[in-house]
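We count residues from 1, following the sequence as given. Note that the structure is a prediction, hence the values are computed from the model and not measured. What you see below is based on every heavy atom in this structure, not just the backbone, and it leaves out hydrogens, waters and symmetry mates.
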Amino acid sequence: MNDFNETFLGSSNSSDDNNNTKPLCPEQFSANENAFDFWMSGLVLNVVGVIGILGNILSMVILSRPQMRSSINYLLIGLARCDTVLIITSMFLFGFRSIYPYTGYLFFYNYYIYPQIVPYVFPLATAAQTASSYLTLMVSLERYVAVCHPLRARALCTYGRSKFYVIFCIVFAVLYNFVKLWETKVLAYNSKTLGLIFCVGSTKLRNDSRYITIYIHWCYLIVNYFIPFLGLLIFNILIYRQVRKANKERQRLSRTEKREIGLATMLLCVVIVFFLFNLLALYSNIVEAFYHRIDDDVVVVSNLLVTLNSSVNFIIYVIFGEKFKRIFLLLFCKGRIGRESPDGLIHEDSSFSNGDGNNRSSGRFSRHGTQRGSLRNGSTLKVSRSVRVRSPAPCVYYPARELQRSHSLTRNGYDWDTKNGLITSGF
């Protein structure tokens, strides 16, 4: 997302005789540049952005369900929020702006709305990109602890700590990018063909060579690329080695360990996609920093790939997350799965009927999975039994503390409890 600087402001801007920064407006671009920018940003980026926003909203809805409550899922919710902000700001900065120069539509947005919002939307976009990178790193760190150090995971991988990690990443990203509020400004430009319009110009801070070298180039490369990329590479290599080792010993793994391995495998795909879609942006910034060359077409494509990276996580969750897919089908495609509940159980009807002594049962289970217990007053209690379907590897079942309900029945003079209510965690 830092490629916005190179696209519109460059490493340094020419000045007029009055030492005022000369604005760069879309009318100054050639027809070929307008065409490529329109197809990549004005069309593809906007379509990808709309789909990505919808996918991230669905991800947040599903991951926020009570049965999905876990530390890793809270991190993924934070990642989806930052990705949504990144997509929206990318559409405002690149998508909508690219429509007018090629088609002639959105004139008012291009020359009046866009210049006014850039000084605020651009820092927000870079902050969202930084937060997204470090939340991806936090996801890999959490998986590394859960897979490679399971004994320490109970203390380190908690829901409360996940909230702290999300808040820390967001605060750090905002503080690091806060100075970008003083990089751009709005300039009035008297065009011969369009009249008085407004354009985006760079400030004295943005034109300072030391600021460009230290903050724009080196700090950006180190903070936004080298640290996250190196951390992701190290953690995921260790996770991959542990997954390979675990797959060879899969018969001896507990159900919890199998779940952690399955979840780690899915998140490896998220990290691989992150690497692939951010490599071109890394290349573009390295070339601009060390060789002082800017390829506008590469910048446009890299911005599209960064937006695409923030839009595809929902697809990965649906493909690899069995429980995520079940809840998605339950919420939005109920007719396809019948009466299957999101926790992998198929519940039968539970009813209480009053009858006389002739309806008493000895407590045996009927053919339909219900148990009849005789009460002392002669009425019959009919308790449904939950039939558990074989769960996929990434899921683990344990008794739910808050959902346990005890129905005290009497048989042969003894009291006993029937407990139903199982809950799953993770994907």
* Taking the six-membered ring for Trp, is the centroid-to-centroid distance between Tyr189 and Tyr111 below 6.0 Å? ->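 That pair fails the under 6.0 Å test.
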* **Proximity of Tyr100 and Tyr109 rings by center, below 6.0 Å** =>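 No: the rings miss the under 6.0 Å criterion.
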* Looking only at non-hydrogen atoms, find the nearest pair between Leu205 and Tyr211 and report the distance. => O-CD2, 3.2 Å
* For Ser162 and Glu142, does a side-chain donor sit closer than 3.5 Å to a side-chain acceptor? -> no
* **Flag for Asn73-Ser70: side-chain donor and acceptor within less than 3.5 Å** =>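 A pair is found: one side chain offers a donor N or O, the other an acceptor, under 3.5 Å apart.
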* To do: Kindly write out the residues that satisfy ring pair (Phe, Tyr, Trp, His ring centres under 6.0 Å) with Phe172, not counting sequence neighbours, or none if the list is empty.
  =>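 Applying ring pair (Phe, Tyr, Trp, His ring centres under 6.0 Å) to Phe172 gives Tyr134.
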* Not counting sequence neighbours, which residues clear ring pair (Phe, Tyr, Trp, His ring centres under 6.0 Å) with Phe92? List them please. =>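 With sequence neighbours excluded, Phe92 shows a ring pair (Phe, Tyr, Trp, His ring centres under 6.0 Å) to Phe96, given in chain and number order.
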* **Atom pair CZ (Arg81) and CG (Asn56), whose distance is rounded to the nearest 0.5 Å** =>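 So the gap between those two atoms works out to 11.5 Å.
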* So how far is it from Phe332 CZ to Ile62 CD1, rounded to the nearest 0.5 Å? ->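 Spacing of CZ (Phe332) from CD1 (Ile62) equals 5.5 Å.
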* Quick one: which of Ile87, Ile88, Val48, Val85 gives a side chain to side chain contact (heavy atoms under 4.5 Å, CB included) with Ser310? ->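 Single side chain to side chain contact (heavy atoms under 4.5 Å, CB included) partner of Ser310 among Ile87, Ile88, Val48, Val85: Ile87.
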* For a side chain to side chain donor-acceptor pair (under 3.5 Å) with Asp83, tell me which candidate from Ser311, Ser59, Ser132 qualifies. => Ser132
Count the heavy atoms of every other residue, nucleotide or ligand shown that sit under 6.0 Å from [atom1] of [X], and state whether that count exceeds 12.
X	atom1	value
Trp39	CH2	no
Phe107	CZ	yes
Tyr240	OH	no

Residues 152-160 side chain polar contacts: donor-acceptor under 3.5 Å, at least two apart:
{"unit_1": "Thr158", "atom_1": "OG1", "unit_2": "Arg161", "atom_2": "N", "d": "3.2"}

* To do: Begin from the C-alpha positions of Gln242 and Tyr144 and carry the test side chain to side chain donor-acceptor pair (under 3.5 Å) through to its verdict.
  => CA-CA 9 Å; Gln242 186 66 23; Tyr144 165 74; over 6 Å; no
* Stepwise side chain to side chain donor-acceptor pair (under 3.5 Å) check, Ser133 with Asn224 -> CA-CA 7 Å; Ser133 298; Asn224 280 57; 5.3 Å; no
